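Worksheet: one structure, shown below.
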Amino acid sequence: MDAQEQVWFADGVLAIAVCKVVFESTDVVELSLSPGDRVLITRENVGEGWLEGMKVGGDTIGLFPQAYVEILKRPDKAPEAAVATSQDAEPVKFSSTNPFACEDSRTNSPLADEENVMARAALIMKDMQADAAGGAPAAVADPRRASISSGEWSVGPTILPGAKWKRQSEPFEVTIFKAENRGTKFAGIKQFTVFRVTDTRTNVTVDRRFKHFTWLHEQLCRIYPHFLIPPLPGKQVSGRFEDEFVERRRRALERFLDRVAKHPVLGSSAVLLHFLTADDHKNWKAGKRLSEQIPVVSETIDVKQGEHVDAVEILARTSTFMEWLSKRLAGWHDAGEGLSASFHALADAFQKMGLALMQFSGPTAGQPEYSEWWDGGRAAGEFAGVLMSLSRFGSGIERIALMIREHQEQQSITLLEFLKHYSELAKALPAFPRSRKSGGEKPPSSPRPRMPSTAGADDNDTSDDLKEQILLAELRYFHERLIQDFQSLIHEFIQEQIEFHRKAAETWESLVPDFEGLLDVPQ
């Protein structure tokens, strides 16, 4: 194996192949190949006989049929260690900072890693649920025997009377920062942005790419059909490494994680726990395989019956309300954009005025020689002082212009991004039935509320009544969270206005002394 191949394999290339038959791509996600092309394979579990990879010397990753290429070389594998018997097995040691990290001297096999990940996840989930219930942390009798199929990952969600989720874990916060350096693979051919994600409960920090967020979103949609899974920000082909775009995406991803972490059910999800704690490639791969085996939760939901409500009627009225709310949000967003544009224009106008005033004095003013010629020149220098004051006044106005610009940018984050987020949430809500027949009975052919974008593979196994209960619980949580978020938004918006006008007033006041003496000049 030459040095270049070692670099490729170290960067995650699974195999090197050569194309045998011409393959013409018919889609933007496919990779065209010609006989003799050497291909670096980056993913083999695509499915249905397809692989993912990129041509040597190319910069585009795409899909192609496995039958069209021949594998030439794979990375050298170290001999597998012998598995110890149960009599001489040593206990598994877990990391104090990363719940999924482990040290197990029994074996280096991936199976053992998966067992450790499952065991630790089971213990953590039980502790989280016990904390939420106000009880003592539970224990697994034998952590090595914990498994997804045994139900050790989590207790099924409960819907309380009144269509309210029973909280499975306390809400928590997640922070995201952009890593200083951009990530690279394949000897620098492929670049990507790395985000540093920190769970504030444990202070564990992990590095995540956008594809990891996409995986988390897909798993949440699969495991929790008919739940309102917050959407991810859209992808962008050009300009995706520009600072402004990266920062905007960081804020959007942080809002996504914040909404998941604070949800009474999603916040205790094992896939979220894995996303927040797997701090190296080995732990990530092991937990990822297990997470993808977690079954859909729908049939494990325990519904506590309370006062009977007509779910179809409630969902129909909710549909009408959400349409009205979406229009109001859109109008608010448009008005906010108009306000932002006005502030931007005001900042430009103030900056232009400031620059004009600064031309009254200073090295770039180009002022001809002039002084007071009357009264024997006894008033010499007064006019020059006024010109200097005008120049300082212009400098102050430039500071005001900068404040207005910064205020406009902050308002765009506080107000416009919030409204965009809620508009996207409203779009992710299900298509509700709009009406019901007279007589108080459900029409046999009335469409059931669904979340097509979040339906899991086993969605058809969920009863219609249970779907309605899930939707009602989700809508109640959405409503309660909306009230909190709107109150927080308006409070923050008002505080920003107060702070902006306070700083502006202080700057204006600092400019007054230069001109107070002129009030005593004889008329």
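Values below: all heavy atoms of this structure, side chains included; hydrogens, waters and symmetry mates excluded. Start at 1 with the first residue, then count along the sequence. Small disclaimer: the values here were computed from a predicted structure and weren't measured.
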### Query
Within the side chain of Thr198, is there an N or O that forms a donor-acceptor pair under 3.5 Å with the backbone of Thr200?
no

### Query
Does a side-chain N-to-carboxylate-O contact under 4.0 Å join Glu247 and Arg250?
yes

### Query
Are Glu480 and Arg476 close enough for a salt bridge, meaning some N to O gap below 4.0 Å?
yes

#### Entry: Phe245 side chain near Arg249 side chain, heavy-atom distance below 4.5 Å
yes

### Message
Please check if the number of heavy atoms outside Glu506 that lie under 6.0 Å from its CD is greater than 12.
### Response
yes

### Query
Which is it for Arg481 and Gln484 under the side-chain hydrogen bond (donor to acceptor under 3.5 Å, both in side chains) test, yes or no, and what are the steps along the way?
CA-CA 5 Å; Arg481 177 73 190 265; Gln484 296 174 359; 4.9 Å; no

### Task
Could you please spell out the steps behind the side-chain contact (heavy atoms from CB on, under 4.5 Å) verdict for Leu31 and Ile61?
CA-CA 7 Å; Leu31 181 69; Ile61 291 181; over 6 Å; no

### Message
Using 30° and 60° as the class boundaries, would you call the ring planes of His217 and Phe256 parallel, tilted or perpendicular?
### Response
tilted

### Task
Evaluate the ring planes of Trp284 and His274, with Trp represented by its six-membered ring, and classify them as parallel (under 30°), tilted (30 to 60°) or perpendicular (over 60°).
parallel

### Task
Evaluate salt bridge (Lys or Arg N to Asp or Glu O under 4.0 Å) for Lys288 paired with Glu292, printing each intermediate quantity in order.
CA-CA 6 Å; Lys288 179 176 179 289; Glu292 291 167 355; 2.9 Å; yes

### Query
Under 3.5 Å, is there a donor-acceptor pair linking the side chains of Glu52 and Thr42?
yes

### Query
Is there side-chain contact between Glu337 and Leu339, with at least one heavy-atom pair below 4.5 Å?
no

### Query
Ile470 pairs by side chain to side chain contact (heavy atoms under 4.5 Å, CB included) with which of Leu228, Ile301, Val265, Val303?
Ile301

### Query
If we ignore angles and hydrogens, is there a donor and acceptor under 3.5 Å between the side chains of His491 and Gln487?
no

#### Entry: Sub-4.5 Å side-chain heavy-atom contact between Leu482 and Leu325
yes

### Query
Considering residues, nucleotides and ligands other than His501, do more than 12 of their heavy atoms fall under 6.0 Å from its NE2?
yes

### Test side-chain contact (heavy atoms from CB on, under 4.5 Å) applied to Val271 and Ile294, step by step
CA-CA 9 Å; Val271 291; Ile294 298 176; 4.1 Å; yes

### Message
Holding to side-chain hydrogen bond (donor to acceptor under 3.5 Å, both in side chains), I want the full list of residues that pass it with Lys262, two or more places apart in sequence or in another chain.
### Response
Asp258

### Query
Would you say Ile404 and Phe500 make side-chain contact, with heavy atoms under 4.5 Å?
yes

### Query
Taking the side chain as C-beta and beyond, is there a heavy-atom pair between Lys304 and Ile159 under 4.5 Å?
no

#### Entry: Glu409 and Ile413: CA distance, side-chain angles, deciding distance, side-chain contact (heavy atoms from CB on, under 4.5 Å) verdict
CA-CA 7 Å; Glu409 292 173 356; Ile413 296 172; 5.7 Å; no

### Message
Quick one about Ser488 and Glu492 (side-chain donor to acceptor, distance below 3.5 Å, no hydrogens or angles considered), yes or no?
### Response
no

### Task
Please step through side-chain contact (heavy atoms from CB on, under 4.5 Å) for the pair Val296 and Ile223, ending with a clear verdict.
CA-CA 4 Å; Val296 173; Ile223 298 170; 5.8 Å; no

### Note: Lys467-Asp465 ion pair, threshold 4.0 Å (strictly below)
no

#### Entry: NE2 (His333) with more than 12 external heavy atoms under 6.0 Å
yes

### Query
Hey, are the side chains of Thr158 and Trp165 touching, using non-hydrogen atoms and a 4.5 Å cut-off?
no

### Task
Find out whether Leu272 and Leu257 are in side-chain contact, i.e. whether some heavy atom of one side chain is under 4.5 Å from a heavy atom of the other.
yes

### Query
Do side-chain atoms of Arg196 reach the backbone of Ile176 as a donor and acceptor pair under 3.5 angstrom?
no

### Query
Is any side-chain heavy atom of Val197 closer than 4.5 Å to a side-chain heavy atom of Leu276?
yes

#### Entry: Lys282 and Asp280 ion-paired at < 4.0 Å
no

### Query
Taking the six-membered ring for Trp, are Phe195 and Phe210 ring centroids under 6.0 Å apart?
no

### Query
Looking only at side chains, do Thr414 and Glu496 share a donor and an acceptor under 3.5 Å apart?
yes

### Query
Quick one: do Arg255 and Glu417 make a salt bridge, cutoff under 4.0 Å?
yes

### Message
Less than 4.0 angstrom from a charged side-chain N to a carboxylate O is my criterion; do Glu499 and Arg502 meet it?
### Response
yes

### Message
Checking Glu30 against Trp50: is there a side-chain donor and acceptor pair closer than 3.5 Å?
### Response
no

### Message
Centre-to-centre under 6.0 Å for His263 and Tyr477, is that the case here?
### Response
yes

### Task
Would you verify whether the NZ or CZ of Arg259 falls within 45 degrees of the ring axis of Tyr422 while also being under 6.0 Å from that six-membered ring's centre?
yes

### Task
Would you tell me whether Gln408 and Arg405 have side-chain atoms, one donor and one acceptor, within less than 3.5 Å of each other?
no

